[in-house]
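The structure appears right after this line, and notes come after that.
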Amino acid sequence: MRRLLITGAGGGLGRAMRKRLASMAETLRLSDIVDLGEAAPNEEIVTCDLGDAEAVHRLVEGCDAILHLGGISVEDKFSKILNANLLGLYNLYEAARAHGKPRILFASSNHTVGFYRQDEHLDVTDPMKPDGLYGVSKCFGEALARMYFEKFEQETAIVRIGSCMEKPTNYRMLSTWMSYDDFTDLIGCVFRAPMLGCPVIWGVSDNNSRWWDNSAASFLGWRPKDNAERFRAELEATVPRPDPDAPIAKYQGGQFTQDPIFSEN
Ligand code: NAI
Ligand code: 15L
């Protein structure tokens, strides 16, 4: 691949993937609204607000693939979610349509289904149950990706990420955790697949207690290797067990199910 665009390159996942994906393309084009530091020899740095359509068109031009991590990543004021996650995504897809339809990996979220209980097992055909405006924005993103596929054959991997971080930090994450290594492998499978289409993929490691069935995406050949279980003993020694009726123990979306609708003021 010649040029891979990573949006949200200054965020937690963006910083982790910047290092790991350095050899995936001749050039990494890194973008965010925050400072991304010095560009390495194979990097281009572009400051760009996803809500700015013209800037997003310039950003996408010349890219062969897009890892779309940029946007608001937790519950927030609707105006911020609207700009980054709704308008921003529309801008990205319109820019992709104008510039050769580079394949997109869209970082969706488990918060599209956050109101399922933790004793329910899901596959990608289960109806969405978003747990806040952030979750709703990811449902919008999934629908937008699907529409661009049906109408224009724009390929997207919709990855409903669980909790992608160094290690699980609470009991819920023993089910939702995805390691950076497994995410890196998934990105490789998505961008190398001869045919992708527009699958929904659960972004989760091979955790003993995972809730999500990825068999519909088995054609990609992604076989996650990590398992959150190896952190259980450490968690049990350091983190108190939550009340079984607390949202973090009851719902797949955990604490997000209890977030308020944030006021604009
Ligand atoms: P993050 O919040 O650390 O990074 C998001 C980045 O997007 C930030 O650097 C931020 O400056 C940038 N951004 C925000 N608004 C923007 C705008 N208007 N224009 C351009 N850039 C903007 O989030 P993280 O954890 O790195 O997640 C990356 C993506 O993956 C997000 O889309 C998030 O919703 C999704 N995701 C992450 C999960 C995780 O466990 N890390 C779980 C589920 C989904
Ligand atoms: C998400 O969607 C968030 O972006 C991330 O910060 C985590 O909170 C994650 O979900 C999670 O549910 O653990």
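These values consider heavy atoms only, across backbone and side chains, with no hydrogens, waters or symmetry-generated copies. Here the structure is a predicted model, which means the values were calculated and not measured. All ligand and atom numbering here is 1-based and tracks the order in the structure.
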Next item on the list: Measure the acute angle between the ring planes of His99 and His57, then classify it against the limits of 30° and 60° as parallel, tilted or perpendicular.
Entry: perpendicular
Item checked: Shortest protein contact, atom 9 (O) of ligand 1 (heavy atom only) -> Asp32 OD2, 2.6 Å
Item checked: Minimum-distance protein heavy atom relative to atom 19 (N) of ligand 1 -> Leu50 N, 2.9 Å
Next item on the list: Select one of side chain, backbone, both or neither to describe which atoms of Lys138 lie under 4.0 Å from any atom of ligand 1, heavy atoms only.
Entry: side chain
Check: Heavy atoms of the protein only: does one fall short of 4.0 Å from atom 7 (C) of ligand 2?
Finding: no
Next item on the list: Mind running salt bridge (Lys or Arg N to Asp or Glu O under 4.0 Å) on Lys138 and Glu142 for me, showing each step along the way?
Entry: CA-CA 6 Å; Lys138 294 296 187 181; Glu142 293 193 8; over 6 Å; no
Item checked: Whether Glu75 side chain and Phe262 backbone form a donor-acceptor pair below 3.5 Å -> no
Check: Who's the nearest protein heavy-atom neighbour of atom 39 (C) of ligand 1, and how far?
Finding: Cys164 N, 3.6 Å
Check: Which of the atoms of ligand 1 are close to Gly70, meaning less than 4.0 Å from one of its heavy atoms?
Finding: 7 (O)
Notebook entry, point to check: Any N/O of Gly11 closer than 3.5 Å to an N/O of ligand 1?
Noted result: yes
Margin query: Please work out, at 4.0 Å between heavy atoms, whether the side chain, the backbone, both, or neither of Ser31 comes within that distance of ligand 1.
Written below: neither
Next item on the list: Let me see the working for Asn42 and Thr27 under side chain to side chain contact (heavy atoms under 4.5 Å, CB included), right down to the final yes or no.
Entry: CA-CA 5 Å; Asn42 71 327; Thr27 304; 5.7 Å; no
Next item on the list: Specify the protein heavy atom at minimum distance from atom 16 (C) of ligand 1: its residue, its atom name, and the distance to 0.1 Å.
Entry: Ile33 CD1, 3.6 Å
Notebook entry, point to check: Any non-hydrogen atom of Arg15 lying under 4.0 Å from ligand 1?
Noted result: no
Notebook entry, point to check: Nearest to atom 1 (P) of ligand 1, what protein heavy atom do you find, and at what distance?
Noted result: Ser73 OG, 3.6 Å
Margin query: Surrounding CD of Glu120 (heavy atoms of other residues, nucleotides or ligands, distance under 6.0 Å), is the total greater than 12?
Written below: yes
Checklist line | Any donor-acceptor N or O pair under 3.5 Å, side chains Asp181, Ser179 | finding: no
Check: Quick one: which ligand 1 atoms are inside 4.0 Å of a heavy atom on Ser108?
Finding: 43 (C), 44 (C)
Check: How far apart are the C-alpha atoms of Trp222 and Asn214, what are their side-chain angles, what is the distance that settles it, and do they pass the side chain to side chain contact (heavy atoms under 4.5 Å, CB included) test?
Finding: CA-CA 10 Å; Trp222 179 52; Asn214 247 338; 3.6 Å; yes
Notebook entry, point to check: N/O to N/O below 3.5 Å, does that happen between Val34 and ligand 1?
Noted result: no
Notebook entry, point to check: Which ligand 2 atoms does Ser109 reach within 4.0 Å, using its non-hydrogen atoms?
Noted result: 1 (C), 2 (O)
Notebook entry, point to check: What distance separates Ile201 CD1 from Leu220 CG, expressed to the nearest 0.5 Å?
Noted result: 5.0 Å
Notebook entry, point to check: Which atoms of ligand 1 are found less than 4.0 Å from any heavy atom of Asp49?
Noted result: 17 (C), 18 (N), 19 (N)
Next item on the list: Quick one: look up the protein heavy atom nearest atom 10 (O) of ligand 2 and list residue, atom name and how far away it is.
Entry: His111 NE2, 3.1 Å
Next item on the list: Using non-hydrogen atoms of the residue, decide whether Gly162 is closer than 4.0 angstrom to ligand 1.
Entry: yes
Check: Which of the atoms of ligand 1 are close to Leu69, meaning less than 4.0 Å from one of its heavy atoms?
Finding: 5 (C), 28 (C), 29 (C), 31 (C), 32 (O)
Check: Is the closest heavy atom of Asn110 to ligand 2 under 4.0 Å?
Finding: yes
Item checked: side chain to side chain contact (heavy atoms under 4.5 Å, CB included) between Val74 and Tyr134, intermediate numbers included -> CA-CA 6 Å; Val74 289; Tyr134 164 65; 5.6 Å; no
Checklist line | Numbered atoms and elements of ligand 1 in range of Tyr134, under 4.0 angstrom, heavy atoms | finding: 33 (C), 34 (O), 36 (N), 44 (C)
Next item on the list: Using a strict cut-off of 4.0 Å, indicate which atoms of ligand 1 neighbour a heavy atom of Gly8.
Entry: 6 (C), 7 (O)
Check: What is the nearest protein non-hydrogen atom to atom 13 (O) of ligand 2, stated with its residue, atom name and distance?
Finding: Ser163 OG, 2.6 Å
Next item on the list: Answer yes or no for Ser163: is there a heavy-atom contact with ligand 1 below 4.0 Å?
Entry: yes
Note to self: Below 3.5 Å, N or O to N or O, backbone or side chain included: is there any such pair between Ile161 and ligand 1?
What the structure shows: no
Checklist line | Side-chain heavy-atom pair Val190, Leu196 within 4.5 angstrom cut-off | finding: yes
Next item on the list: Please say whether the positively charged group of Arg241, taken as NZ for Lys or CZ for Arg, lies over the ring of Tyr171, i.e. under 6.0 angstrom from the six-membered ring centre and within 45 degrees of the axis.
Entry: yes
Note to self: I need the contact type for Asn83 against ligand 1. Using non-hydrogen atoms and a strict under-4.0 Å cut-off, is it side chain, backbone, both or neither?
What the structure shows: side chain
Item checked: Any Gly71 heavy atom less than 4.0 Å to ligand 1 -> yes
Check: Among protein heavy atoms, which lies nearest atom 3 (C) of ligand 2, and at what distance?
Finding: Ser73 O, 3.1 Å
Item checked: Check: Gly51 N/O within less than 3.5 Å of ligand 1 N/O -> no
Check: Should Arg172 be listed as contacting ligand 2, given a heavy-atom distance under 4.0 Å as the test?
Finding: yes
Next item on the list: Looking only at protein heavy atoms, identify the closest one to atom 9 (C) of ligand 2 and say how far it is in Å.
Entry: Gly162 O, 3.3 Å
Next item on the list: Could you grab the distance from atom CZ of Arg103 to atom CG of Asp64, nearest 0.5 Å is fine?
Entry: 11.5 Å
Checklist line | Ser31 (side chain) donor-acceptor with Val46 (main chain) under 3.5 angstrom | finding: yes
Next item on the list: Note the single closest protein heavy atom to atom 3 (O) of ligand 1, along with its residue, its atom name and the distance in Å.
Entry: Gly12 N, 2.9 Å
Item checked: Validation row: Arg232, Asn208 side chains within 4.5 angstrom (heavy atoms) -> no
Note to self: Less than 6.0 angstrom separating the ring centers of Tyr251 and Phe115, yes or no?
What the structure shows: yes
Notebook entry, point to check: Are the ring centres of Trp211 and Tyr116 closer than 6.0 Å?
Noted result: no
Next item on the list: Specify the protein heavy atom at minimum distance from atom 37 (C) of ligand 1: its residue, its atom name, and the distance to 0.1 Å.
Entry: Leu13 CD1, 4.0 Å
Margin query: Assess the residue pair Thr184 and Leu21 against the criterion (side chain to side chain contact (heavy atoms under 4.5 Å, CB included)); give the C-alpha distance rounded to whole Å, side-chain angles, the decisive distance to 0.1 Å, and a yes or no.
Written below: CA-CA 7 Å; Thr184 306; Leu21 300 181; 3.9 Å; yes
Item checked: Contacting atoms of ligand 1, where contact means under 4.0 angstrom from a heavy atom of Cys48 -> 19 (N), 20 (C)
Next item on the list: Please round to the nearest 0.5 Å and tell me the distance separating atom CE of Met173 and atom CZ of Phe231.
Entry: 12.0 Å
Checklist line | Any Glu54 side-chain heavy atom under 4.5 Å of Asp52 side chain | finding: yes
Item checked: Over 12 foreign heavy atoms within 6.0 Å of OH, Tyr90 -> no
Check: Any non-hydrogen atom of Ala9 lying under 4.0 Å from ligand 1?
Finding: no
Next item on the list: Using a strict cut-off of 4.0 Å, indicate which atoms of ligand 2 neighbour a heavy atom of Phe256.
Entry: 8 (O)
Item checked: Shortest protein contact, atom 30 (O) of ligand 1 (heavy atom only) -> Ala107 CB, 3.4 Å
